[in-house]
Visitor: 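Before I ask anything, here is the structure I am working with.
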Amino acid sequence: MKFRPFFATLILGVILFLSLAASSVYWILKPSPFPLLAGGVIKEPTTAIFLPRQAPVMVSLLTNPDRLDALGQFIASPEKRRRSHQEILTIEKTLLAKTGLDYQSQIQPWLGEEMTLAVTSLDYDHNPDNGVKPGYLLAVSTKDQQLAKEFLQTSYSTDAIAGTSDLVFEPYKGVNLIAQQNPNLTKNTPLSATAVVGNMVLFANDIQVLKESINNVQVPGLNLNNAPGYKKALKTIVDPRIGIVYTNFPALSAWLANLPIPELPEITQTLTIAFSIKEEGLVAETALIGVSGESDHSPILSEPVGAFSYLPDNTILTAAGTNLNQLWQQIETGLDQDSPLQQLLNRTINSLEEPLGVNLAKDVFPWVQGEFSLGLVPKEEGGEADWIFVAQKSPDVAMDEVLTQFDQQAENAGYTVGKLPLLNTDVTVWTQLKATVNPDKQNLASLQAEVSGIHGNVDDYVIFSTSIEAISEAISDDYTKLIDTEEFQHVVEGLSPENDGYFYINWQKSEPILNQKLPITRVVEFGVKPLLRNIRSFTVSSQGSQDNIRRATIFFNIGV
């Protein structure tokens with residue numbers, strides 16, 4: 001078995017528990033007396049002391065999985081209770097499928113309140129002759145150390161009697177290390193080395209990984225728990241939490257690409273995420289460190305921008321905020337070109353630019369200095385979804401010249417540009433004439449005008465769209481708008497009113513369209529599909545910067 005897919009599955013399992021925690025307790029938060037109702041616990045992963053400062057990724061669950069399951073069983077209806085419990089059982093079986101272990105009989109009796117999965121290093125033996133060998137660590141707290149030791153002894157004794165592996169015992173700095181070695185294989189099996197350190201049971205893919213973990217504990221300056229950046233990020237997140245995800249982007253990129261990177265004295269770009277249970281759903285507070293040129297600033301908005309009020313209620317994806325040009329400059333200069341975030345962003349931008357035939361950073365972003373909103377609106381009859389873009393007019397931008405330039409570019413591209421009265425305003429339409437042949441009418445040809453773009457002025461805003469139907473929904477008072485729907489009001493309640501804007505996706509409705517428009521989403525969905533199955537929508541809201549740490553909140557509206 002390859003270590004990377006196995007370990008990625010384990011990490012996904014912990015994240016799934018975070019998702020199921022929200023979907024299990026969503027409907028019982030108000031009346032339930034459970035202590036997790038505050039959103040989680042006020043503590044940090046104690047297992048971070050086993051990890052080096054440059055660890056590529058750490059995922060920690062800060063409560064026992066059975067406690068999360070119990071919340072769903074306490075007061076939920078039988079139908080929802082069965083669904084929640086069955087999903088957790090499925091995850092347990094999936095995670096242990098390759099180990100031959102049974103969770104309820106072998107692990108549940110001694111499992112404590114914390115479980116951490118981590119990639120500890122990109123190449124734990126630093127031997128160029130045998131390729132890149134990442135180190136993987138699973139650290140689990142125990143409520144009964146004796147039962148945990150008995151479990152390990154029984155498990156190893158069974159393998160030894162069966163002759164499937166040889167056992168290696170090695171004392172190291174006061175800790176007894178045990179490793180399984182299969183004489184018929186050149187590689188160890190995943191998580192084949194173990195040790196008990198205090199109330200923690202450690203599993204690793206090699207005994208050398210355990211030794212490095214023990215070194216990290218005994219030399220505080222080496223471990224992640226005492227890394228200044230990590231501690232600084234956690235100080236900005238004050239709410240109770242049920243889990244923590246930490247990533248070091250340069251090392252994570254190298255791990256995903258199966259490449260080593262030089263060990264750096266200080267991490268340059270990291271993301272820390274704390275998951276909390278809220279009445280409205282699951283909330284993830286994020287702290288991003290290492291954005292170049294970042295300065296402290298408070299959120300500038302206290303409510304959704306006015307440009308948001310033009311998006312129809314069936315909008316499935318939207319981004320809204322202010323000063324798009326400044327936002328783009330911060331993103332473009334702040335993220336390393338090789339970082340996963342920057343690569344994902346560039347691919348998304350390219351997929352939007354190609355069909356439009358424009359350079360967004362050059363042709364559009366510079367003149368959007370006020371409010372803006374962008375929405376993707378599906379057609380009722382199916383087919384290609386429409387885009388709506390709303391931009392506030394700025395006194396520093398000559399909008400008539402900008403629009404004239406766009407119209408000229410459309411004419412140069414072969415479109416016919418003309419005026420059209422629509423409702424109480426005039427709009428400019430870009431059309432392309434096409435001849436079609438009807439075989440049912442003796443191949444009779446007809447001429448059709450296909451609308452490719454349309455724009456118009458409404459109050460203090462300029463509205464662009466890809467169809468007359470979509471812009472009609474935007475400017476007409478007869479259509480309900482997204483901002484007035486119960487779905488979006490629920491989203492706003494789950495986020496802080498102080499923000500720099502929203503990025504919202506109705507995942508259940510947008511999944512097939514996004515897979516078609518942005519092929520990269522298929523890769524993302526494949527990796528976290530079980531997680532996304534329970535999510536109705538998710539919204540990202542920026543909260544400015546504090547101590548050179550960029551803050552944001554992600555709200556997951558969990559379906560029940």
Side-chain angles (χ1 to χ4, degrees), residues 305-315 318-320 324-325 352-436 445-483:
V305 295
F308 201 94
S309 61
Y310 291 94
L311 299 181
D313 62 346
N314 59 335
T315 301
T318 181
L324 182 58
N325 186 52
L352 294 174
E353 290 178 336
E354 187 174 348
L356 296 174
V358 299
N359 184 315
L360 295 178
K362 179 181 178 181
D363 300 333
V364 178
F365 296 164
W367 56 267
V368 185
Q369 300 176 8
E371 300 175 356
F372 71 90
S373 64
L374 173 70
L376 182 63
V377 184
K379 290 184 171 68
E380 291 185 2
E381 65 275 13
E384 188 75 11
D386 290 317
W387 288 101
I388 296 176
F389 180 66
V390 184
Q392 185 181 33
K393 299 175 186 177
S394 172
D396 299 327
V397 177
M399 281 306 304
D400 290 341
E401 295 181 7
V402 172
L403 296 176
T404 299
Q405 183 178 356
F406 277 134
D407 293 340
Q408 185 61 53
Q409 289 178 339
E411 287 184 341
N412 295 339
Y415 294 101
T416 300
V417 179
K419 295 287 187 178
L420 177 72
L422 181 64
L423 299 178
N424 295 324
T425 188
D426 290 332
V427 296
T428 300
V429 184
W430 304 341
T431 58
Q432 193 171 38
L433 298 178
K434 290 187 177 181
T436 60
S446 62
L447 193 64
Q448 291 184 342
E450 184 177 287
V451 176
S452 297
I454 183 170
H455 63 80
N457 292 281
V458 179
D459 299 326
D460 195 31
Y461 300 92
V462 178
I463 302 179
F464 294 82
S465 182
T466 52
S467 77
I468 293 178
E469 293 82 4
I471 199 171
S472 297
E473 292 185 52
I475 65 178
S476 174
D477 294 332
D478 296 332
Y479 290 93
T480 305
K481 300 303 188 287
L482 177 64
I483 196 172

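This chain uses plain numbering: 1 for the first residue, then up along the sequence.
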Visitor: Tell me every residue that passes side-chain contact (heavy atoms from CB on, under 4.5 Å) with D426, counting only those two or more places apart in sequence or in another chain.
Guide: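 With neighbours one apart ignored, the set is P421.
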Visitor: Give the minimum heavy-atom separation between F389 and L324, together with the two atoms involved.
Guide: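 Residues F389 and L324, closest heavy atoms: CZ-CD2, 4.2 Å.
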Visitor: Could you pull out all residues at least two apart from Y310 that satisfy ring-ring contact (aromatic ring centres under 6.0 Å, His included)?
Guide: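 ring-ring contact (aromatic ring centres under 6.0 Å, His included) check on Y310 returns Y461.
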Visitor: As an exercise, state the distance from CH2 of W367 to CG of D396, rounded to the nearest 0.5 Å.
Guide: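 So the CH2 of W367 and the CG of D396 are separated by 14.0 Å.
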Visitor: Taking side-chain contact (heavy atoms from CB on, under 4.5 Å) as the test, write out the residues that go with V451, two or more places apart.
Guide: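 With neighbours one apart ignored, the set is V429, T431, I468.
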Visitor: Once side chain to side chain donor-acceptor pair (under 3.5 Å) is applied, do any residues pair with K481, and if so which ones, sequence neighbours excluded?
Guide: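 Checked K481 against side chain to side chain donor-acceptor pair (under 3.5 Å); zero matches.
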Visitor: Hey, could you give me the CZ/CG distance between F464 and L403, rounded to the nearest 0.5 Å?
Guide: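 These two atoms lie 5.0 Å from each other.
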Visitor: Keeping T466 on the side-chain end and W387 on the backbone end, is there a donor-acceptor pair under 3.5 Å?
Guide: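 Looks like yes, one N/O pair under 3.5 Å.
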Visitor: To check you understand the geometry: which heavy-atom pair defines the closest contact between T315 and G375, and what is its length?
Guide: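 Heavy-atom minimum between the residues: CG2-CA, 3.8 Å.
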Visitor: About how many Å separate OG of S472 and CG of D478, when rounded to the nearest 0.5 Å?
Guide: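 The distance works out to 11.0 Å.
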Visitor: For N412, enumerate each residue passing the side-chain contact (heavy atoms from CB on, under 4.5 Å) test, keeping only those at least two apart in sequence or located in another chain.
Guide: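 In terms of side-chain contact (heavy atoms from CB on, under 4.5 Å), with neighbours along the sequence ignored, N412 is linked to Q408.
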Visitor: When rounded to the nearest 0.5 angstrom, what is the spacing between CG in L311 and CD1 in I483?
Guide: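 CD1 of I483 is found 9.0 Å from CG of L311.
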Visitor: Could you measure the distance from the CG atom of L376 to the OG1 atom of T318? Nearest 0.5 Å is fine.
Guide: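 Those atoms lie 9.5 Å apart.
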Visitor: Name all residues meeting the side-chain contact (heavy atoms from CB on, under 4.5 Å) criterion together with D407; count only those two or more places apart in sequence or in a different chain, and write none if there are none.
Guide: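 V417, T428, W430, H455.
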Visitor: Can you tell me if E371 uses its side chain to pair, donor with acceptor, with the backbone of Q392 under 3.5 Å?
Guide: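 Checking the backbone N and O of Q392 against the side chain of E371, no donor-acceptor pair under 3.5 Å is found.
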Visitor: Is there a side-chain contact between D313 and Y479 (heavy atoms, below 4.5 Å)?
Guide: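 A side-chain contact is absent here, since even the closest heavy-atom pair is not under 4.5 Å.
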Visitor: Is there side-chain contact between P312 and I388, with heavy atoms separated by less than 4.5 Å?
Guide: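 When only atoms from C-beta onward are counted, I388 and P312 do touch, with a gap below 4.5 Å.
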Visitor: Quick one: which residue pairs count as a salt bridge (charged side-chain N to carboxylate O under 4.0 Å, His left out) with a foot in residues 448-477, not counting sequence neighbours?
Guide: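 Qualifying pairs, neighbours excluded: K434-E450.
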Visitor: To the closest 0.5 Å, what do you measure between CE (M399) and CD (Q405)?
Guide: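 Nearest 0.5 Å value for the CE-CD distance: 11.0 Å.
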